[in-house]
Amino acid sequence: MVNFIPMGEKMTKNKKLLLIDGNSVSFRAFFAMHNVLDKFVSGDGIHTNALYAFNNMLDIILKDEDPTHALVAFDAGKTTFRTEMFSDYKGTRAKTPPELMEQLPLIQEMLNLRGIKTYQLKNYEADDIIGTMSRKGQSEGMDVTIITGDRDLTQLTTDKVTVRVNVKGVTETEAYTPEHVKEKLGITPEQIIDMKGLMGDTSDHYPGVEKVGEKTAIKLLNEYGSMEGLYEHVDEMRKSKLKEHLINDKDQALLSKKLATINCDAPVELKLGELEYRGDNQEQLIKFYQRMDFKSFLEKMDVDTEEVKEEMADIKFSELNSDAVDKIVNVDKPQTVIVESFGENYHISPIIGLAIESDKEYYSTTDISILENDKLKAWLADDSKEKYVFDNKKTVALLNRYGCEFAGVSFDMLLVSYLLDTNDNKTDIGLVAQNYGHNLPNEEEFYGKGVKKAVPDDDQVLMNFICQKAHIINVLHDTMMAELKKNDQDSLYDEIELPLSNVLASMEIKGVKVDASRLKEMQNDFAGRLSDIEKQIYEEAGEEFNINSPKQLGVILFEKLKLPVIKKTKTGYSTAVDVLEKLKSKSPVVQKILDYRQISKINSTYAVGLQKFIQPDNRIHTIYQQTLTQTGRLSSIEPNLQNIPIRIDEGRQIRKAFVPQSEDWEMFSADYSQVELRVLAHISGDENMQEAFKEDYDIHAHTAMRIFGLDSTDEVTPDMRRKAKATNFGIVYGISDYGLSQNIGITRKEAAQFIDSYFEQYPGVKKYMDDIVKFARENGYVETIMHRRRYLPDIHSKNFNIRNFAQRTAMNTPIQGSAADIIKVAMINMQKKLKEENLKTNLLLQVHDEMIFEAPKSEIPILEKLVPSVMDSAVKLDVPLKVGSAHGYSWYEAK
DNA sequence: TAGTTCACG
DNA sequence: ACGTACGTGAACTAC
C-alpha cells in the first residue's frame with residue numbers, strides 16, 4: 001500500500017509547543033534530590049540539587065519531544081484571583097523551603113541560557129499561563145506537551161494536548177491523553193474539575209463535599225455528567241447521608257470547582273513567535289555550569305575546561321614492579337590500594353589487576369605475581385601504613401586468597417558512602433563517583449553486561465580504569481570524611497562499620513562446615529515424599545499440572561474445584577499460605593498442596609540449593625552485604641545463611657548439616673532476647689515498658705495484663721498472650737489497625753481498640769511514635785542510637801499510601817537499626833576478646849540478633865560466660881540486655 | 001525481568 | 001477515601 005502525502009505537509013515538520021510548570025517541577029526536583037541536598041552546593045554556597053534535577057529532566061524532555069517552541073511558566077506570588085475568591089486557598093501549604101527558594105532565580109537563569117523563555121503573570125498561577133498558551137498553540141495547529149508534577153493539569157488534555165506528569169522524581173513521566181485519563185479515572189478531562197470540586201483538595205486547602213472522595217465523585221459524574229447536572233437532579237436522589245452532604249455543601253462544591261478550573265483566558269501578553277526554542281547559549285551556559293560546579297553537564301557539552309580535563313584524562317601510571325614497591329613502602333602518607341577482581345563472587349573470582357597511588361604517583365599491573373614480593377606483602381599487612389580503599393572487606397578477602405594479609409585501612413569509600421546515604425545502590429565505585437558529579441564508568445559500563453561482559457583485551461585500558469578508581473578515592477576523601485563528621489557519624493564509622501568490615505571478612509574467609517552427605521540424604525528423602533504427594537494431588541485434582549505454578553494451581557482450585565476466591569493478586573488468584581489455610585476445610589487437596597509447597601521449598605532452596613555452595617574445603621563462604629539494607633542490618637548472599645529454617649522441625653533438620661570443623665568441637669550460639677522491644681523501651685523512655693524489662697517480666701504476658709486490664713499475669717490466657725505478642729510486634733513495625741487485625745484474626749475495630757489501650761498503657765511509646773514522625777518531616781531523615789541515618793523523602797509525599805509507608809518506616813528504622821548497631825558492636829568486641837583470651841573459637845555467622853560460633857569442647861564453659869557478658873555490655877541502655885546461649889554437635893542442637 | 005511465594009529476624 | 005504491617009534473599013513460572 002502506498003501512502004500519498006502531499007508535498008507541503010511532508011516538508012514542514014509540525015510545530016511542537018512544550019509548556020513546563022516551573023514551580024511544580026522545581027518542587028518535585030528539589031524533593032527528588034532532597035537526600036543529596038548537602039552534596040549539591042555551588043562554590044558560592046548555594047544549594048543546586050533542584051537545579052541539577054531540573055536540568056536533567058530538561059535534557060530528557062528536549063530529546064524526547066524535540067519542540068520548536070517552549071515556555072516555562074512560574075507562579076508570580078501568593079495572591080491570585082483564586083485567593084480573592086477564597087482567602088484560604090492554599091492556606092495550609094507549607095512555605096517553600098529556603099534551600100529551594102534560593103534556587104528558583106537560578107532555575108530561571110539557566111532556562112534562559114538553554115534558550116527557553118520563562119514567564120510569570122501577576123494574579124495568576126503557572127497553571128493558568130500554561131492553560132492559556134496551550135489553547136493558543138492548539139488553535140494554531142501545534143502539538144502541545146505539558147510537563148508538570150501536578151495531576152490536576154490533566155484537565156487540559158485534548159487530542160492535540162498531552163500532559164506528562166512526573167512520577168517518582170522528575171526524570172520519569174506518565175503521559176496523559178484524553179484516552180489515558182478515561183482509562184485511569186473513568187471520566188473525561190473536562191470532568192476533572194467537577195471531580196475536584198466534589199472531593200476538594202487537601203494540599204490546595206479547599207473543601208469539597210463532606211465524605212466524598214475520588215471514588216464517590218467519579219461514580220456521581222458517571223451518573224450525572226457534571227456537577228451542574230448532579231445538582232439539577234439532586235432532589236430526585238433517594239434519602240441518604242450522601243444526599244444530605246451534597247445539599248449542605250453545594251456552595252462549597254461550586255466554589256471549589258471554580259478554584260480547580262484552570263483559566264485558559266488569562267491576559268498573557270505573549271505571542272507564540274516569542275516562544276521559539278533557540279537551543280543552548282553555549283558560551284554563557286558553560287560559565288553558568290562552572291559557577292554551579294556541574295561537572296557532568298560540562299562533560300556532556302564536550303567542553304575542554306581544565307578541570308574536566310584533569311579528571312577525564314588518562315592517568316599517567318607506571319608499572320607496579322619491585323622498584324615501585326621500594327618507593328611505596330617508604331612513603332609515610334596514606335596510599336590508595338585497588339585490588340581488581342572479575343566475577344560475581346569474590347571468594348572464587350580471580351584478581352585481574354592491582355593499582356596503588358603513592359604520593360601522587362600511580363602504579364599499576366596486571367601481573368599478579370607481584371603479590372609474592374615480600375616487601376609489598378609486609379607493607380600490605382602493616383597496620384601502621386595508612387591506606388584508602390573502596391570495599392575493605394572484599395579487598396581483605398581477595399588478598400587473603402593470594403596469601404596476603406591486609407591492614408591499615410582508614411578510609412573505605414564504600415562504607416562512608418553507605419553511611420552518608422543508604423538510599424541509592426552504592427556497591428559500585430563508578431556509581432558513587434557519578435553521584436558526586438565525577439565521571440567514572442561503573443562496572444557495567446566498563447566490562448559490559450550479559451554475554452558481552454568481559455575483561456578488556458588491552459591491559460593498558462584496564463590499568464587506566466583501576467588507576468582512575470584510585471584517583472577518585474583520593475579526590476573524594478576529604479569531602480566525604482567532612483560530611484561524615486558534619487553528620488556526627490564519624491564514630492559510627494571509625495568504631496563500628498570499619499572495624500566490623502574486618503570481622504566480617506574473617507567470618508566469610510573462615511566459612512562454615514556443611515555436611516554435604518547429610519544434605520544429599522535429605523534431598524533423597526524429600527524427593528520420595530514429594531512424588532508421593534504429587535500423585536495424590538493429581539488424583540484428587542483429576543489431572544496432572546505444575547503444582548509450583550500459582551497460575552495453574554489457581555485454575556485447578558478456583559475454576560475446576562470451584563473453591564471460593566479469598567484474595568486476588570495483580571495477575572490472578574492468590575494461592576498464598578493464608579489463603580490456603582482458609583480453604584483447608586473445603587477440600588482435602590489443599591492440605592496436600594500446603595505440604596507439597598513446604599517440602600518443595602526446603603528441598604530446592606536448602607537441601608539442593610546449599611550443596612552448590614559447598615567449596616572444596618567442605619565449607620560454605622557466604623558474603624555479608626554490609627552496605628545494602630536501609631536500616632543498618634547485614635544481609636547474606638550466595639548463599640543466604642540468615643534464613644536457614646527453624647520454625648518448622650521438618651526444615652529445621654537442615655541445621656543438622658551445619659557442623660563444627662572437627663570432632664571434638666561444637667557449635668555454640670548466643671542470641672539477644674527481645675532486643676528490638678528493649679531498644680524501644682530505651683529510646684521511647686516509656687516507664688511502664690522499662691519497668692517490665694528491669695524486673696525481667698515475661699514482656700508479652702505483661703503487655704497482655706496491661707491491655708486487657710487484668711490485675712496479675714496469672715490471669716493471662718495463652719490466647720491473650722499471643723495477641724499481646726502480635727501487638728508488640730506491630731508496634732515495632734509502625735502499627736496500623738488493619739495490619740494487626742489481619743495478623744491475629746480479629747476485626748479492624750477490635751484491633752483499633754487494642755492499639756488504643758496499648759498506647760494508654762505505654763504513653764511514652766505513643767509519644768515516641770508521634771515525635772519520630774515529626775522529626776522525619778522536619779529533618780528529612782531518622783537516626784539510630786549510633787547516628788546511623790535513613791533519609792525518608794517520601795514523608796512529604798502527596799500520596800496517602802507512600803506517605804504512610806514512610807511514616808511507618810520512620811517509626812521502625814530507629815528500632816531495627818539501633819538493634820543492628822548493638823550486635824555490630826558486640827561482634828567487634830567479641831572478636832577482640834577471643835583474640836585477647838587466646839581462644840581457638842571462631843565466630844562464623846550472624847543472624848540479626850544472634851551469633852554462631854564453632855568452638856573446641858574445652859572452650860564451651862568459657863564461652864557460656866564470656867559471650868553473654870560481651871553481648872549484654874555492648875552498649876549501655878536504660879534497660880538491661882538479656883542474652884541466651886546454647887551449644888551442641890550441630891547448629892540444630894545449638895538452640 | 002517481573003511477579004509470586006516463602007524461608008529467616 | 002485510600003489499602004497496609006518492618007527488614008531481607010532465592011526459587012520458580014511465565015511474559
Side-chain angles (χ1 to χ4, degrees), chain A residues 198-200 202 208 210-219 422 546-554 567-580 594 597-598 600-606 608-610 612-613 622-625 628-648 650-652 654-655 671-672 674-676 726-727 729-744 748 751 755 790 798-817 819-820 823 845-850:
Chain A
L198 288 169
M199 62 186 271
T202 43
E210 199 175 336
K211 295 275 186 241
V212 173
E214 193 175 295
K215 290 279 148 71
T216 316
I218 290 170
K219 217 176 78 201
T422 52
N546 186 345
I547 307 169
N548 281 323
S549 160
K551 199 177 168 193
Q552 294 181 32
L553 180 61
K567 200 165 72 180
K568 287 202 144 198
T569 65
K570 278 184 214 167
T571 50
Y573 313 109
S574 169
T575 64
V577 217
D578 56 320
V579 173
L580 297 189
L594 284 167
R597 279 245 180 100
Q598 206 176 83
S600 151
K601 171 86 178 183
I602 297 165
N603 190 40
S604 63
T605 309
Y606 302 103
V608 178
L610 286 175
K612 298 174 201 151
F613 290 99
T622 186
I623 291 178
Y624 287 103
Q625 305 260 72
L628 182 138
T629 69
Q630 297 298 310
T631 53
R633 275 190 177 182
L634 300 174
S635 88
S636 156
I637 57 165
E638 296 179 69
N640 180 356
L641 293 183
Q642 291 182 317
N643 71 345
I644 304 301
I646 187 165
R647 291 173 191 166
I648 298 158
E650 202 100 70
R652 194 173 192 158
I654 294 285
R655 294 184 174 223
D671 69 321
Y672 284 110
Q674 275 117 21
V675 241
E676 294 195 344
T727 312
F729 272 102
I731 291 289
V732 168
Y733 295 152
I735 202 151
S736 78
D737 50 9
Y738 179 86
L740 182 63
S741 72
Q742 287 298 298
N743 199 293
I744 51 178
R748 196 175 163 157
I755 295 166
R790 178 175 185 176
K798 258 176 127 175
N799 180 306
F800 179 91
N801 288 318
I802 295 175
R803 192 175 59 245
N804 272 9
F805 184 67
Q807 287 172 1
R808 290 199 295 275
T809 324
M811 300 184 222
N812 173 264
T813 298
I815 304 173
Q816 193 184 115
I823 194 166
L845 302 170
Q846 186 253 42
V847 191
H848 310 308
D849 64 358
E850 97 182 285

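Values below: all heavy atoms of this structure, side chains included; hydrogens, waters and symmetry mates excluded. Just so it is clear: chains get the letters A, B, ... in the order the sequence lines come, proteins before strands, and each one is counted from 1.
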Remember a base hit wins even if backbone is also touched, and classify [X] as base, sugar-phosphate or nothing at under 4.0 Å, heavy atoms.
X: A:Val732; result: nothing
X: A:Phe729; result: nothing
X: A:Thr575; result: sugar-phosphate
X: A:Gly730; result: base
X: A:Leu634; result: nothing
X: A:Ala726; result: base
X: A:Gln742; result: nothing
X: A:Val577; result: sugar-phosphate
X: A:Ser604; result: sugar-phosphate
X: A:Glu850; result: nothing
X: A:Asn643; result: base
X: A:Ile815; result: nothing
X: A:Asn546; result: sugar-phosphate
X: A:Ser600; result: nothing

To the side chain of [X], which of [options] is closest?
X: A:Thr569; options: B:dA7, C:dC12, B:dT5; value: B:dT5
X: A:Phe800; options: C:dC2, C:dA1, C:dA10; value: C:dC2
X: A:Thr631; options: C:dG7, C:dC6, C:dA14; value: C:dG7
X: A:Thr809; options: C:dC15, C:dG7, B:dG9; value: C:dG7
X: A:Asn804; options: C:dG3, C:dA5, C:dG7; value: C:dG3
X: A:Ile637; options: C:dA10, C:dG3, B:dT4; value: C:dA10

message: Taking B:dT4 as the reference, what is the distance to C:dA5 when you measure between their P atoms (whole Å, please)?
response: 13 Å
task: For B:dG3 and C:dT4, measure between their P atoms and round to the nearest Å.
output: 14 Å
- prompt: Looking at side-chain heavy atoms only, is the closest gap between A:His848 and A:Ile823 below 4.5 Å?
  reply: no
query: How about A:Gln630 and A:Thr809: do any of their side-chain heavy atoms sit closer than 4.5 Å?
result: no
A:Arg647 vs B:dC8: side-chain N/O to OP1/OP2 distance below 4.0 Å: yes
message: Using every non-hydrogen atom in the two residues, find where A:Ser574 and A:Thr569 come nearest and quote the distance to one decimal.
response: CB-CG2, 3.6 Å
query: Where is the tightest heavy-atom contact between A:Ser636 and A:Leu641, given as atom of each residue plus distance?
result: OG-N, 2.8 Å
message: Base of C:dT4, side chain of A:Ser736 - is there a donor-acceptor contact under 3.5 Å?
response: yes
message: Is the base of C:dT4 stacked against the aromatic ring of A:Tyr738, taking ring centres under 5.5 Å apart and planes under 30° as the test?
response: yes
message: Check this for me: A:Tyr573, atom OH, are more than 12 non-hydrogen atoms of other residues, nucleotides or ligands nearer than 6.0 Å?
response: yes
- prompt: Taking a pair as Watson-Crick or G-U wobble with both distances under 3.5 Å, which nucleotide is matched to C:dC6?
  reply: B:dG9
